[in-house]
Amino acid sequence: MRDHIGSPRMGMHGVPPAGRALVVAVVAWSLAWKGASLWRAARNGSKPWFVALLLSNTLGLLDAVYLFGVDRRHRLAQLEEDVILAVTGEPEQEGHSDET
């Protein structure tokens, strides 16, 4: 179809229902991964990852790399630290103290 100027119209009018369902599924898949990875990057305070994930559109691939690779290492390190603190009974360190 063409509009009154002669340029092709944008839209999914000629796409069969199965094609429309595929597009909706891909968009939902991508949004789910993007939402989860952005949420986790923000909670971890990882600004470079947050920006990279926000600006990329890789159908969830980069998001999955962050969630299952980078964030998993961060979570394992935090768990290891929590276990050490629980075993030793040491209080959590909160930066420098004024004690000498």
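Only heavy atoms go into these numbers, but all of them, side chains included; no hydrogens, no water, no symmetry mates.
Among residues at least two apart or in separate chains, side-chain hydrogen bond (donor to acceptor under 3.5 Å, both in side chains) pairs with a member in residues 50-65 are S37-D63.
When all heavy atoms of R20 and H13 are compared, the pair lying nearest together is NH2-O, 3.5 Å. Counting all heavy atoms, side chain and backbone alike, S30 lies closest to G60 at OG-N, 4.4 Å.
Checked against L62 for a side chain to side chain contact (heavy atoms under 4.5 Å, CB included), the options L67, L55, L53 give a single hit: L53.
No continuous path of hydrophobic side-chain contacts links V65 to L38 [ILVMFWY only; heavy atoms under 4.5 Å]. Linking ILVMFWY residues whenever their side-chain heavy atoms come closer than 4.5 Å, directly or via other members, leaves W33 and V24 in distinct clusters.
Not less than 6.0 angstrom separates the ring centroid of W39 from the ring centroid of Y66.
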